[in-house]
Amino acid sequence: MRKMGSAHFSLAEALSIISGRSQLVWYYCMMMLCLIPYSLGAGRGHFYKWEVENLYWSPDGVENVVMGINGRFPGPTIRARAGDIIHVQLTNKLHTEGVVIHWHGIRQKGTPWADGTASISQCPINPGETFNYRFTVDRAGTYFYHGHYGMQRSAGLYGSLIVDVAEGEKEPFHYDGEFDLLLSDWWHESVHRQEVGLSSKNFRWIGEAQSLLINGRGQYQCSLAAELSANHCNLTGSEQWAPYILPVLPNKTYRLRIASTTSLASLNLAIGNHKMLVVEADGNYLQPFETSDLDIYSGETYSVLINTDQDPSQNYWISAGVRGRKPNTTQALTLLNYQPTSASKTPQSPPPITPEWNDYNHSKTFTNKILALDDPRVPRPPKNYTRRILLLNTQNKINGVYTRWAINNISLALPPTPYIGAIKFNLKKAFDQAKPPENFPQDYDVMKPAVNPNTTTGSGVYMFDYNSVVDVILQNANALNPNVSEIHPWHLHGHDFWVLGYGEGKFTPDQEKNFNLKNPPYRNTAVIFPYGWTALRFVADNPGVWAFHCHIEPHLHMGMGVVFAEGVDRIAKIPRQGLTCGLTAKRLMKGKNLG
Ligand SMILES: O=C1O[C@H]([C@@H](O)CO)C(O)=C1O
């Protein structure tokens with residue numbers, strides 16, 4: 001039954017996900033009772049056996065070390081149907097560091113211990129050890145997975161996770177074929193060196209990426225577009241860094257599933273001569289809208305439809321370039337290759353030009369077009385909230401020497417005991433018991449550097465009443481240097497939220513009257529623009545402990561995140577596998593039951 005890659009797994013395993021009590025389940029299965037849930041329509045199971053290891057690889061033509069899975073970079077694509085059960089048996093083959101994998105956009109209803117966030121939902125998996133991720137993919141959509149320990153996502157630990165509609169269900173749009181595009185940025189400096197630079201007394205910023213990658217492939221030393229110059233890439237197509245080409249037939253509709261797992265870059269994607277119809281974001285359907293270029297921030301996913309209605313004797317560039325930071329990285333390129341035209345035919349038109357990096361009006365116009373589809377599958381927000389918290393994002397110093405990011409003047413320092421165990425077993429020494437602040441001083445000037453940039457680290461938790469409606473106002477501000485405020489894409493684990501609105505400057509309660517309660521997009525990642533605010537609403541209906549953080553990897557490393565928790569007392573038995581560190585390990589050693 002078990003082999004490398006994907007396979008259906010046993011009914012018993014399927015059941016153990018549903019109940020979280022594998023031994024009992026085996027017993028019941030022996031009694032043949034396990035047939036009942038299957039006949040009631042439980043999803044199909046997919047079993048994957050993965051090994052995470054460092055590999056020599058050339059993502060952009062320069063040999064480097066990447067964090068891969070089963071000898072590949074990026075990791076294998078998971079493909080399932082809504083309602084299916086995924087079981088990834090993950091073995092850590094790294095030599096000297098732990099690892100975890102987060103299933104980005106999957107809400108982990110009933111399986112909060114499988115969220116794959118080190119210090120929050122589990123202990124890092126030690127070298128040589130194996131952890132079983134079992135969870136249900138409850139909704140069709142475009143997702144991805146990635147490392148969530150230190151900066152392992154930046155090291156290349158990521159892959160696509162695609163969920164099709166359940167058998168017999170239909171998408172609200174038609175397409176003839178599809179491609180997955182996983183976008184990332186790539187540094188030649190090792191992630192270990194980057195982490196040291198960011199955490200040292202003499203702060204060293206990572207700088208801009210050397211390359212942008214599409215499905216793990218970029219070109220650093222040469223250009224695909226520079227046909228007549230010596231700099232033209234000389235490729236056979238079999239290189240690890242040869243572009244992932246999209247072969248299409250004329251007069252068809254294709255779905256491109258686009259996910260950004262970038263460490264730092266905000267991107268803009270465009271296809272020469274082709275418009276895109278945007279239909280899905282973060283696993284939720286959108287009111288379709290047409291665009292000639294698409295902004296995508298780290299942690300976001302989109303589906304777009306394109307019609308291959310252009311001259312079929314030509315090929316067309318697909319390009320992705322940096323937005324929101326002064327770019328120092330060349331565009332990523334690949335080809336929309338009309339069949340039977342040869343893929344070696346260079347497009348007639350040059351690659352689309354990325355809008356100016358600081359043309360924020362362009363980004364805001366795009367963002368404001370993103371609205372939920374009028375469809376019962378996309379939930380609408382409750383009209384009122386139970387609790388509202390304001391989160392001020394600032395860049396700070398600690399003791400005048402370390403550079404960090406802070407939320408309401410606390411910079412997140414993750415503790416060694418996973419919160420999920422610490423809260424469930426009331427281990428008060430495991431993290432700061434003081435409630436983290438819910439707002440910031442009224443007179444804080446978001447347009448200027450902080451008067452006193454000093455901050456402290458903390459590990460407190462925002463605890464929400466189960467089923468309460470929470471509003472979060474993310475407030476951006478000036479960074480340490482004058483006239484600098486950056487883009488931050490915030491990602492919430494365990495939930496989707498409604499994006500009720502965006503605004504400029506400091507949020508004031510009277511702006512609530514402009515909130516979109518009718519058809520706000522339902523997402524798991526939303527951006528705050530420089531000097532602006534973003535208002536989110538979600539229902540705290542998923543028992544667990546959930547990270548909410550800036551998806552820019554170095555920013556999270558520098559403390560830009562908070563921890564949310566709700567209904568932890570309702571969590572069924574947490575598998576011991578994930579709790580064998582910190583104070584939960586001590587509890588296990590004392591022989592105390594973790595149930
Ligand atoms: O966190 C960051 O640090 C640098 C800069 O602010 C200090 O060098 C930068 O561009 C960030 O996004």
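Whatever order the structure lists ligands and atoms in, that order sets their numbers, starting from 1.
Closest to atom 6 (O) of ligand 1, if we only count protein heavy atoms, is Q395 NE2, 2.9 Å. In terms of protein heavy-atom proximity, atom 2 (C) of ligand 1 is nearest to W205 CZ3, 3.3 Å. From the protein, the heavy atom lying nearest to atom 7 (C) of ligand 1 is F203 CE2, 3.8 Å.
Annotation: H102 is in aromatic contact with H491 [ring centroid separation under 6.0 Å].
Contact check for E97 versus H192: side-chain heavy atoms found under the 4.5 Å cut-off.
Atoms of ligand 1 found under 4.0 Å from any heavy atom of W405, numbered from 1 in the order shown, are 1 (O). Close approach of ligand 1 to E486 is summarised as follows: ligand atoms under 4.0 Å from at least one heavy atom of the residue are 6 (O), 9 (C), 10 (O), 11 (C), 12 (O). For ligand 1, the atoms sitting less than 4.0 Å from at least one non-hydrogen atom of M558 are 1 (O), numbered in the order shown with element in parentheses. Of all atoms in ligand 1, numbered sequentially from 1 with element shown, those under 4.0 Å from a heavy atom of R325 are 9 (C), 10 (O), 11 (C), 12 (O). Of all the atoms in ligand 1, the ones that sit under 4.0 Å from a non-hydrogen atom of H555 are 1 (O), 2 (C), 11 (C), 12 (O).
Checking side-chain atoms of T534 against main-chain N and O of V527 turns up a donor-acceptor pair under 3.5 Å. Counting only distance, with no hydrogens or angles, the side chain of T301 and the backbone of T142 share a donor-acceptor pair below 3.5 Å. Without hydrogens or angle criteria, E53 side chain to K93 main chain gives no donor-acceptor distance under 3.5 Å.
We find that R323 and D295 are joined by a salt bridge, their nearest charged nitrogen and carboxylate oxygen being less than 4.0 Å apart.
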